[in-house]
Asker: 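Here's a structure for you.
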2 protein chains.
Amino acid sequence: MSKDLPLIHELSRDDIRLAAMLKALGNPVRFRIMQHLADRQMCITGDIVAFTSLAQSTVSQHLKVLREAGLIEGEIEGPATCYCVSAEGLQFLKGQIESWLPNCCQSEPRIAKSNCC
Amino acid sequence: MSKDLPLIHELSRDDIRLAAMLKALGNPVRFRIMQHLADRQMCITGDIVAFTSLAQSTVSQHLKVLREAGLIEGEIEGPATCYCVSAEGLQFLKGQIESWLPNCCQSEPRIAKSNCC
DNA sequence: GGTTTTTATCGTAAAATTACGATATAGAAG
DNA sequence: CTTCTATATCGTAATTTTACGATAAAAACC
């Protein structure tokens, strides 16, 4: 997460966090886990293992990635761990995407033939 | 893009497209290319190669991924190819994220101690 | 105490992604 | 027609990611 090309150094703090979130969500299993967590509202844990039909260690790994990206939060509940979508994280993601690439596509939908796009 | 677990089969068409976009954007180089394209507004091409300081073939590969995800559009302009952010694609992405996980975090920001989150 | 349950971590094999050079393609320019 | 320029594609090496089983850790339960 820190040997990511000189390119990344020109990014704002928010952009770096956004990129990390997108990377975490870029995996279809994790994408699906997010949906599942949002649906159940309440936190889950080994439930996700059954849901994904992947090995427990694999799921635990995916949950770690999502947690480190700030997309979910886990709380130890007895012997188990209870996860839920991070309201703050999701809010951040939505806000960032909403205002992402503001300079883009200012000209009309798609007319100009010269200057290509 | 089609051997993606049984999990993916329960997804809507829009969700599949969204997941594909997130996967494309999950790479920091491609994330950065999108920003660069948006900044320049006008389309570019070998310019991106200089910008990223990666091999031409590598950049071409990344552009292909972005193009296939519907995030950019390329138009052959003489011997070169001119790229720009896809207005439709970006609009789709923003719309989908905005309404993503609607069932999430309905309870207050973060109070409940029981039932974990 | 010991046992059971649930999860995290470790080590590793398999698979996918990324990056590169070399080559092929297409159009512009002479 | 030949040359030059700009990209795309191919084949492949290096890296990263993903998935698994085995093991460790922590709490509930007997």
Side-chain angles (χ1 to χ4, degrees), chain A residues 1-8 19-34 37 42-69 72-84 114-117, chain B residues 1-8 19-34 37 42-69 72-84 114-117:
Chain A
M1 231 294 266
S2 58
K3 61 173 286 293
D4 267 329
L5 306 171
L7 284 178
I8 211 78
M21 281 187 172
L22 292 175
K23 183 171 181 178
L25 292 174
N27 177 290
V29 172
R30 290 192 290 265
F31 178 85
R32 204 75 183 80
I33 289 177
M34 286 295 290
L37 274 178
M42 289 186 49
C43 318
I44 314 172
T45 177
D47 179 20
I48 301 177
V49 173
F51 168 64
T52 58
S53 67
L54 289 172
Q56 178 268 319
S57 57
T58 302
V59 171
S60 190
Q61 212 168 240
H62 281 305
L63 291 172
K64 184 180 185 180
V65 173
L66 289 172
R67 185 160 20 94
E68 289 179 345
I72 67 175
E73 294 171 8
E75 185 173 343
I76 296 175
E77 192 87 2
T81 305
C82 207
Y83 286 99
C84 63
S114 57
N115 279 339
C116 36
C117 310
Chain B
M1 232 294 268
S2 58
K3 60 175 288 292
D4 268 329
L5 307 169
L7 285 177
I8 211 75
M21 282 188 171
L22 292 175
K23 183 172 182 177
L25 292 174
N27 177 291
V29 172
R30 290 192 290 266
F31 178 84
R32 204 77 184 76
I33 289 176
M34 286 296 289
L37 275 177
M42 289 188 49
C43 317
I44 314 172
T45 174
D47 178 21
I48 302 177
V49 173
F51 167 64
T52 58
S53 68
L54 289 172
Q56 178 268 319
S57 56
T58 302
V59 171
S60 190
Q61 212 168 241
H62 281 305
L63 290 172
K64 184 179 184 179
V65 173
L66 289 172
R67 185 162 19 94
E68 289 179 345
I72 66 174
E73 295 171 7
E75 186 174 342
I76 297 174
E77 192 86 1
T81 305
C82 207
Y83 286 99
C84 63
S114 59
N115 278 338
C116 37
C117 312

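Every chain is numbered from 1 and lettered A, B, ... according to where its sequence line falls, protein lines coming before strand lines. All figures in this text were calculated on a predicted structure; none of them were measured in a lab.
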Asker: Could you pull out the protein-nucleic contacts involving nucleotides 21-23 of chain C (nitrogen or oxygen on both sides, under 3.5 Å)?
Answerer:
from: dG21(C); atom 1: N7; to: S57(B); atom 2: OG; distance (Å): 3.2
from: dG21(C); atom 1: O6; to: S57(B); atom 2: OG; distance (Å): 3.1

Asker: Looking at dA19(D), dA19(C), dT18(C), which one has an atom nearest to any side-chain atom of L54(B)?
Answerer: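 Taking heavy atoms from C-beta onward, the closest nucleotide is dA19(C).
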Asker: Is the backbone N or O of Q56(B) less than 3.5 Å from a side-chain atom of S60(B), with the two atoms forming a donor-acceptor pair by type?
Answerer: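 No; judged by distance alone, with no hydrogens or angles, the pair does not exist.
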Asker: Find out whether K23(A) and F31(B) are in side-chain contact, i.e. whether some heavy atom of one side chain is under 4.5 Å from a heavy atom of the other.
Answerer: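 Sidechains of F31(B) and K23(A): no contact.
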Asker: Just N and O in the side chain of K23(A): are any of them under 4.0 Å from OP1 or OP2 of dT17(D)?
Answerer: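 For dT17(D), OP1/OP2 do have a side-chain N/O of K23(A) under 4.0 Å.
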Asker: Between S60(B) and G26(A), who's closer to the 5' end of DNA chain D by nearest nucleotide?
Answerer: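 The answer here is S60(B).
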Asker: Can you find a side chain N or O atom of N27(B) that sits less than 4.0 Å from OP1 or OP2 on dT18(C)?
Answerer: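 Indeed, a polar side-chain atom of N27(B) lies that close.
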Asker: Is there a side-chain contact between L25(B) and L25(A) in this structure, where contact means two heavy atoms from C-beta onward sitting under 4.5 Å apart?
Answerer: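 The answer is no, as the side chains (C-beta and beyond) never meet within the 4.5 Å cut-off.
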Asker: Checking L66(A) against M34(A) for the side-chain contact (heavy atoms from CB on, under 4.5 Å) test, could you report, in this order, the C-alpha distance in whole Å, the side-chain angles of both residues, the deciding distance, and whether it holds?
Answerer: CA-CA 9 Å; L66(A) 289 172; M34(A) 286 295 290; 4.1 Å; yes
Asker: So, does the side chain of Q61(A) form a donor-acceptor pair with the base of dA19(D) at under 3.5 Å?
Answerer: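 Side chain to base: pair present.
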Asker: Apply side chain to side chain contact (heavy atoms under 4.5 Å, CB included) to Q61(A) and list each qualifying residue two or more places apart in sequence or on a separate chain.
Answerer: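 With sequence neighbours excluded, Q61(A) shows a side chain to side chain contact (heavy atoms under 4.5 Å, CB included) to no residue whatsoever.
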Asker: I want to confirm an ordering. Mapping V65(A) and I76(A) to their closest nucleotides on DNA chain D, which one lands closer to the 5' end?
Answerer: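 Upstream on the strand: V65(A).
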Asker: Heavy atoms from C-beta onward define the side chain here; which of dA8(C), dA28(D), dC20(C) lies closest to that of Y83(A)?
Answerer: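 Among dA8(C), dA28(D), dC20(C), the one nearest the side chain of Y83(A) is dA8(C).
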Asker: Please check if the side chain of S53(B) supplies one atom and the backbone of A50(B) the other of a donor-acceptor pair under 3.5 Å.
Answerer: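 No; judged by distance alone, with no hydrogens or angles, the pair does not exist.
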Asker: Just to confirm, is there a sub-4.0 Å distance from OP1 or OP2 of dA19(C) to any side-chain nitrogen or oxygen of H62(B)?
Answerer: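 Yes, H62(B) has a side-chain N/O under 4.0 Å of OP1/OP2 on dA19(C).
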